[in-house]
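Inspection log for the structure reproduced underneath, given as structure tokens.
Chain A is the first sequence line, chain B the second, and so forth, proteins listed ahead of strands; every chain is numbered from 1.
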Amino acid sequence: MAPIALLSHYRAFTRDMLHNLLNIGGLALGIATAILLGLYVRFETSYETWLPDHEKTYLVQTVWSIPQSPVNGAYHYTMGGLLEQLREDFPGLRGTRIRGGEDGGVVIVDGTAEKADVAQVDPQFLEVLQLELVSGRDALGDPSAMMISQSAARRFFGADDPIGQRLTVAMDEARAYEVAGVFRDPPANSALRLGILIPMPRAVPEPSWLRWGSTSLQTFLRFETPQEARAFEEQLGAFVDRRGTIFGDRPSEVQQLRLLPIADWHLEPEGPASASRSLTVKALGLVGLLTLAIAMVNYVNLATARAVMRAREVAMRKVLGADRPALVRQYLGEAVMTVAIAALLALVLAEIGLPLVNAAGGLSLDLPYAVVVPVLAGMVLVIGLLAGFYPALLLSRYQPSQVLASARSPGGGRAGARVRELLVIGQFGLAIAFMIGAAVLFAQTRHMREADPGFAREGLIAVLSLRDSLVEPAQRRAFAEAARALPQVSHVALGNTGVGGSGSTNAQNVPLPGVPGEGPSLNWEIVGPQFFETYGARLIAGRVFDAAREADEYSGRPGGAPVNIVINAPAVGTLGFASAEEAIGKTVGGDRPRTIIGVIDPLRFLSPREAVPPTYYIFTREPETTSSVMASVRFRGDPEATLSDLEATWQRTVPQFPFDAQTAQHRLQRFNDEDERAMRLFTIGACLAVVIGCVGLWGLASFNTARRVREIGIRKTLGASTADVIRVLVGQFLRPVLLANLVAWPLAWLAMDRWLGGFADRIALSPLFFLGAGLLAALIAVGTVWGQSLRAARADPGWALRHD
Amino acid sequence: MIELRDIERRYISDEVETTALAGINLDIAEGEFVAIMGPSGCGKSTLLNTLGTIDRPTAGRYLFNGRDLAQLPERELARFRADALGFVFQSFNLIDELTIEENVALGLAYRKDGGPRKERVAAAMDRVGIAHRARHFPHQLSGGQQQRAAIARAIVGDPKLILADEPTGNLDTLNGEQVMNILMTLNEAGATIVMVTHSPSHADIAKRRIDMLDGRIVASAAMAL
């Protein structure tokens with residue numbers, strides 16, 4: 001840009017400082033929002049990409065397709081011995097397994113057990129998942145050696161060199177291992193929770209290791225090219241048919257195996273869960289882009305409006321010999337410069353806003369300048385050219401003879417006004433859609449927090465440390481009895497289910513009398529005495545289990561004798577009964593008969609996103625002997641004090657294992673965490689979109705009001721009151737904001753209906769959300785332009801008539 | 001120097017067609033000082049704008065030193081204006097964000113020739129008596145001073161033709177006289193000037209007076225010396 005043009009631009013900028021700062025500020029806010037949300041999306045989509053050769057690494061998914069089953073879908077776990085069978089059928093296959101992981105085992109130090117992220121892995125582990133070795137060696141082929149992470153080394157050995165030292169680790173059994181190597185901790189963008197790696201046992205560690213249908217660990221495979229992976233995947237159907245004969249004639253119709261690129265693992269939902277995480281990431285990415293779009297639209301609108309004030313200057317430059325390309329270049333250059341200033345300000349705002357976004361989103365992001373600065377430079381050019389193009393085109397089109405002959409600057413004519421109105425409709429349409437979205441998100445997350453799970457959340461604690469297979473049944477029983485003796489405890493129940501889940505899911509087909517086939521699939525759970533009483537389950541029909549009734553005990557039943565079961569309400573319809581009452585006393589299950597003695601309201605132990613599956617419960621007086629058992633404790637009074645008392649009780653009865661318990665509120669809240677995080681981030685984005693829209697509206701109001709001063713003088717001379725004039729001025733902006741609802745409502749309805757579709761228990765999309773957002777937007781718009789309109793409306797008519 | 005042949009200018013809107021110029025034929029020789037007069041709406045300014053190539057005729061030919069300007073593309077017309085013309089307007093049309101010196105320098109900004117710009121700007125300001133206000137902004141000057149600055153901008157490039165559209169229209173008598181004296185001096189130095197004016201006394205200063213009515217030239221007479 002020529003120096004004189006630069007000078008002219010600078011002086012025009014400083015002469016109209018407030019408007020220009022508002023315009024730049026709005027654009028900076030939009031760019032900063034796009035940066036921050038872009039960082040979030042980048043983080044969420046970067047999981048496992050830090051792994052060398054991540055593009056060659058795949059997770060094996062177990063996919064269930066059982067008719068009418070509540071557990072259908074793809075899971076990230078496989079049968080324990082799958083890799084061994086795959087290697088038999090596909091020699092040369094490269095793969096590894098992870099059994100355990102987060103809180104997968106305990107480390108015993110001075111007789112005290114501490115939970116740790118212990119995982120059993122194969123000797124080839126580091127060939128497939130190439131964690132960086134910091135010291136020592138890869139000793140995963142040595143059954144007496146272990147490898148630990150840097151943070152585990154600090155935790156257990158402090159500043160000492162851990163290499164060569166020994167640590168007792170318990171997973172299946174307690175053993176001492178020698179530390180042979182230390183690896184770098186996986187970064188924050190990793191789903192791998194690995195602190196201690198010990199060798200996979202050579203002997204089969206559990207009965208279900210080679211049982212098709214069981215899932216107990218993660219299996220990873222490595223292929224050099226995607227084509228090789230695809231070719232292998234196509235052979236898996238035949239493999240399942242050969243090996244999975246337990247599923248009948250066509251095993252691959254019941255269970256499939258699929259390869260999931262490891263970089264896709266984090267966002268891939270499991271089982272029947274909806275793709276909420278992936279949807280959230282996409283939605284927030286879209287919010288970032290749309291907020292940037294709103295800011296750009298705003299900038300174009302304001303820049304165009306202000307630019308017409310320079311029409312005379314443009315006309316004179318044309319008269320003096322400036323050609324159109326020179327003028328276009330000048331104004332594009334000004335736009336790029338202004339956007340560059342906005343971009344610098346955006347970086348500052350992003351740095352300031354980052355802690356807020358991290359707090360709202362539960363993240364720990366930082367600004368990677370090496371990436372952000374070049375991207376921003378590119379954005380400056382693109383946005384500057386895009387945003388400056390229309391004003392530059394508009395200005396360069398002015399005919400000098402028309403501009404110079406006119407007493408006032410052109411406003412772009414009716415076409416210009418229409419374009420500005422359309423831009424306001426567009427940006428407020430998006431802002432209103434955001435407001436509706438934020439309101440719906442808030443309402444749904446509140447609904448999930450407060451929704452009736454079928455039991456009272458308060459006064460309930462889940463004790464999970466009984467799950468460990470190393471805890472003896474006698475110890476579990478002793479703990480339960482001691483816990484019952486606590487004065488504030490009213491009930492203690494054991495079972496392999498409870499609030500928040502026990503970490504295992506069991507499902508079985510239940511043949512129906514007179515109906516051919518295997519019958520529908522139901523979940524099943526084992527519960528002990530007082531289970532339903534502890535939870536306060538609501539009985540719909542029949543009765544619950546009674547420990548005094550021999551017939552209720554499932555174990556030790558004579559062969560072929562029916563087992564008494566209690567079913568939940570969803571199971572009534574699944575089993576073909578018209579009502580709960582009709583189901584009482586009926587026997588289902590074919591050659592494994594089960595007689596229904598009671599029907600209860602569903603107990604929602606897991607995510608409110610998923611429907612409570614049809615479930616039947618079986619009873620045992622010795623629940624401490626079942627696997628994955630947990631205790632549910634009903635109490636009165638202070639939860640923290642009760643947790644403390646329970647921990648003391650545990651340490652008396654099971655001293656060698658760490659205590660692990662949480663309140664029911666805490667257990668259920670984690671299912672809401674992701675949605676609440678999304679809601680907070682979305683709300684921040686929505687607020688910013690509205691703020692940017694208001695900045696634009698304020699600027700436009702200022703421009704339009706200035707142009708209409710003379711008109712106001714004429715109206716007042718003809719008898720208009722201040723109120724009449726305000727109605728005219730405010731109405732000019734209210735119209736596009738009201739029309740914006742026509743854009744916003746369909747958009748918001750489509751988006752929110754889709755998002756709510758991921759919840760089994762969802763709120764209705766009430767018209768109040770839409771009307772409320774529309775009304776709020778109108779009020780905001782009126783509030784934004786009110787001050788200027790009032791000032792202009794109060795102007796002295798004589799002065800106004802002389803105004804040019 | 002200038003030949004206009006059958007120049008017409010029509011404005012067509014949704015419902016109305018207005019003929020601003022109808023069959024204008026006009027010759028202007030180099031060094032002439034021509035005053036154009038007529039009632040409001042007779043097409044004076046349109047004729048001036050046509051001469052200045054900031055308004056294109058609907059029909060006809062405009063020859064400037066033998067070159068038909070009516071057919072030239074916009075880019076070449078811009079070049080022509082930068083190199084050959086100087087404009088003075090009734091409402092001065094100085095750029096508010098630039099100082100007087102910078103406004104005058106703008107008259108050279110779009111020319112391709114080099115040369116000592118600073119000296120030329122200083123000389124132009126001296127010629128019109130505005131050099132002492134070089135660092136001031138337009139809003140800090142009186143109307144007369146602003147118009148003198150506009151004249152300096154118009155002459156800084158030694159244009160072949162100066163077009164003045166009611167240059168004294170917004171000035172009081174004294175300032176108007178001063179501006180007319182400047183124009184007269186420029187003409188005596190060899191500048192060709194075409195001026196639109198409502199003032200008969202100012203028109204008398206010119207060497208030829210053209211009267212217009214309803215888009216046509218109705219009279220053209222040399223002024224008595």
Around atom [atom1] of [X], are there more than 12 heavy atoms of other residues, nucleotides or ligands at under 6.0 Å?
X      : atom1 : value
B:R79  : CZ    : no
B:R216 : CZ    : no
B:E30  : CD    : no
B:F80  : CZ    : yes
B:D214 : CG    : no

pair A:R317-B:L106: side-chain heavy atoms closer than 4.5 Å: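 Yes, their side chains come closer than 4.5 Å.
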
Pairwise distance CE(A:M316) to CD1(B:I54) - rounded to 0.5 angstrom: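 Going from the CE atom of A:M316 to the CD1 atom of B:I54 covers 8.5 Å.
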
Choice from B:L48, B:L85, B:D83, B:L98 maximising heavy atom contacts with chain A below 4.5 Å: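 Of the options given, most contacts go to B:L98.
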
Part of B:T99 lying under 4.5 Å from any heavy atom of chain A: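 The answer is both parts of B:T99.
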
Heavy-atom pair of closest approach, residues B:R153 and A:L320: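 Closest approach of B:R153 to A:L320, heavy atoms only: CD-CD1, 4.0 Å.
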
